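Note that the structure is a prediction, hence the values are computed from the model and not measured.
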Amino acid sequence: MTQGVWGELVGQQKAVSVLQRAVGGNRHAMTHSWLFVGPPGSGRSNAARAFAAALQCRAGGCGTCSDCRTSLSGAHPDVTLLRTEQLSIGVDEVRALVGRANMSPVAGRYQVVVVEDADRITERGADALLKALEEPAARTVWLLCAPSADDVIVTIRSRCRELRLVTPDVDSVTSLLIHRDGISPALAAHCARVAQGHIGRARMLARSDSARIRRREILTLPSRLRTLTDCLTAAENLVKSSAEEAAQATQELDARELVELQQALGVGTRGARPRNAQAAIREMEDQHKMRAKRMQRDALDRVLTELTGYFRDVLALQATPEASLINQDLADEIQPLAKRSTGEQSIRALDAILAARTALEGNVAPLLAMEALMVGIAQASRS
């Protein structure tokens, strides 16, 4: 296994080799702006953080020195990490990054800016970033991350060197869970397989009983959709649970941010109510709502991913009865469904899942999208 800051980039030997050459001073390998792309769970952000650390490290990414540790944690004075839970990254945030990028390094060899969700940069934000990429400061490096190059505004991606990451294989993810997280080999192998190479998802399943229970509840849905009422109830429960999951994840953070804002504005200090304080508080509350909406959508997207794997297994058995299943633990449900339905029906179910994902990306109300999905799956299973 690759060591140092690269140790957790499992299955990414080709990408790591490119980055190591750039760190090593190869003038053909190094550039001032990079675009890290790859499927969910491939480790785009981890790769960018590791590269940032290696650029600051005098040993090229040892993983143990102060430069490496502070770069990876976000505490290094010359490494700026931007990760947003909002739906977009606006022009004000980008301008702040550009201002930071134009500063000379304080302690490190470079001024490095990592944007983990570059696909969320708005058009106005892209315009603000464009000049910084066209005329970069001498020792500034931009590291942008996105699911694919097509997700990034064309004027931005055309000025970056693209680095593609791949979905790690199951054995690599299993080994990482065992050696990094201390997960038992059997559980690690199971979680790596059902997560389909998504490292974060595999780790969550391995460490959380409730996550494994929720996954099983989702994957038993197709066999429980017999009537229209079943479909509507299932959709309502999915949306409700995803909203609760988002609220639990954001409640403490929202409260802390609001208190910090009020303190910064001087609200409540000897009865003070500074001018424009209410507008600033309303703006933050709007941002909190957007963050909760994003996290709810992410939770529903995980539901769609689980169901996609389920019907992929059904379709695989219909094509090849001896096919290896992603969800081997649910073989007792998947095998009978594969026998009593056709490949055409399974494809219709997969089409319904794709339509639901498209609807959510288009900001269709989650309940409407989930109701249409449940009805589509039920119809595909009956016809």
Side-chain angles (χ1 to χ4, degrees), residues 1-39 42-83 97-98 100-119 129-130 132-149 151-152 156-168 172 199:
M1 182 180 290
T2 307
Q3 298 302 313
V5 296
W6 317 106
E8 294 190 6
L9 302 182
V10 296
Q12 309 296 344
Q13 289 82 359
K14 184 176 180 180
V16 169
S17 177
V18 172
L19 297 175
Q20 286 178 324
R21 287 200 303 272
V23 171
N26 185 316
R27 63 187 181 89
H28 298 295
M30 186 58 188
T31 186
H32 70 277
S33 55
W34 297 72
L35 178 59
F36 292 71
V37 300
S42 59
R44 301 184 302 265
S45 299
N46 287 341
R49 288 173 182 249
F51 187 36
L55 287 171
Q56 303 293 13
C57 177
R58 298 185 184 280
C62 66
T64 58
C65 69
S66 176
D67 283 328
C68 284
R69 288 185 284 105
T70 55
S71 295
L72 292 171
S73 69
H76 195 288
D78 298 318
V79 176
T80 302
L81 304 174
L82 176 63
R83 182 179 188 274
L97 287 178
V98 171
R100 182 64 183 269
N102 287 333
M103 298 171 61
S104 297
V106 175
R109 300 194 298 167
Y110 294 92
Q111 186 68 251
V112 184
V113 181
V114 181
V115 182
E116 295 191 4
D117 303 287
D119 52 310
L129 178 57
L130 185 59
L133 296 182
E134 290 177 333
E135 302 174 9
R139 297 167 66 190
T140 294
V141 180
W142 287 87
L143 309 179
L144 312 181
C145 306
S148 73
D151 292 319
V152 179
I156 299 301
R157 71 171 184 256
S158 65
R159 287 160 176 81
C160 297
R161 176 174 181 178
E162 185 178 322
L163 185 75
R164 292 180 178 271
L165 281 76
V166 298
T167 301
S172 296
I199 298 172

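With sequence neighbours excluded, no residue satisfies side chain to side chain donor-acceptor pair (under 3.5 Å) with R157. Contacts of P147 classified as side chain to side chain contact (heavy atoms under 4.5 Å, CB included), with partners at least two apart in sequence or in another chain: R44, D119, D151. Applying the side chain to side chain donor-acceptor pair (under 3.5 Å) test to S73 and every residue at least two apart in sequence or in another chain returns nothing. Applying the side chain to side chain contact (heavy atoms under 4.5 Å, CB included) criterion to D67, with sequence neighbours excluded, gives Q56, C65, H76. Here S158 pairs with nothing under the side chain to side chain contact (heavy atoms under 4.5 Å, CB included) rule; sequence neighbours left out. Taking A101 as the reference, V113, T140, W142 meet the side chain to side chain contact (heavy atoms under 4.5 Å, CB included) condition, with sequence neighbours excluded. Checked against side chain to side chain donor-acceptor pair (under 3.5 Å), S17 has the following partners two or more places apart in sequence or in another chain: R21. Remark: R139 pairs with no residue by the side chain to side chain donor-acceptor pair (under 3.5 Å) rule, at least two apart or across chains.
The structure places CG of L163 at 9.0 Å from CG of L35, a figure rounded to the nearest 0.5 Å. Rounding to the nearest 0.5 angstrom, the gap separating the CG atom in L97 from the CG atom in L129 is 8.0 Å. Considering CG of L19 and NZ of K14, their distance stands at 12.5 Å, rounded to 0.5 Å. In this structure, CG in N46 is found 9.0 Å from CG in L72, a value given to the nearest 0.5 Å.
The stretch residues 69-79 participates, sequence neighbours left out, in no salt bridge (Lys or Arg N to Asp or Glu O under 4.0 Å) pair at all. Legend: salt bridge (Lys or Arg N to Asp or Glu O under 4.0 Å) pairs involving residues 45-64, not counting sequence neighbours, sorted by first then second residue: R49-E116. Residues in residues 53-73 take part in no ring-ring contact (aromatic ring centres under 6.0 Å, His included) pair, two or more places apart or across chains.
Among all heavy-atom pairs drawn from P168 and Q12, the shortest one is CG-NE2, 4.1 Å. Here the closest non-hydrogen pair linking V37 and A149 is CG1-N, 3.6 Å. Nearest heavy-atom pair, V79 versus A52, reported as atom, atom and distance to 0.1 Å: CG1-CB, 4.1 Å. When all heavy atoms of R109 and A54 are compared, the closest pair comes out as NH2-O, 3.7 Å. Nearest heavy-atom pair, A146 versus V152, reported as atom, atom and distance to 0.1 Å: CB-CG2, 3.5 Å. Here the closest non-hydrogen pair linking T80 and R100 is OG1-CG, 3.3 Å.
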query = Can you list the steps and then say if L55 with M30 is a side chain to side chain contact (heavy atoms under 4.5 Å, CB included)?
reply = CA-CA 10 Å; L55 287 171; M30 186 58 188; 3.9 Å; yes

key: From CA spacing to verdict: side chain to side chain contact (heavy atoms under 4.5 Å, CB included), C160, L144   = CA-CA 8 Å; C160 297; L144 312 181; 3.9 Å; yes

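Note on ring orientation: taking the six-membered ring where Trp is involved, the planes of F51 and F36 are tilted (angle from 30° to 60°).
Side chain of S33 to backbone of R159: a donor-acceptor contact under 3.5 angstrom is found.
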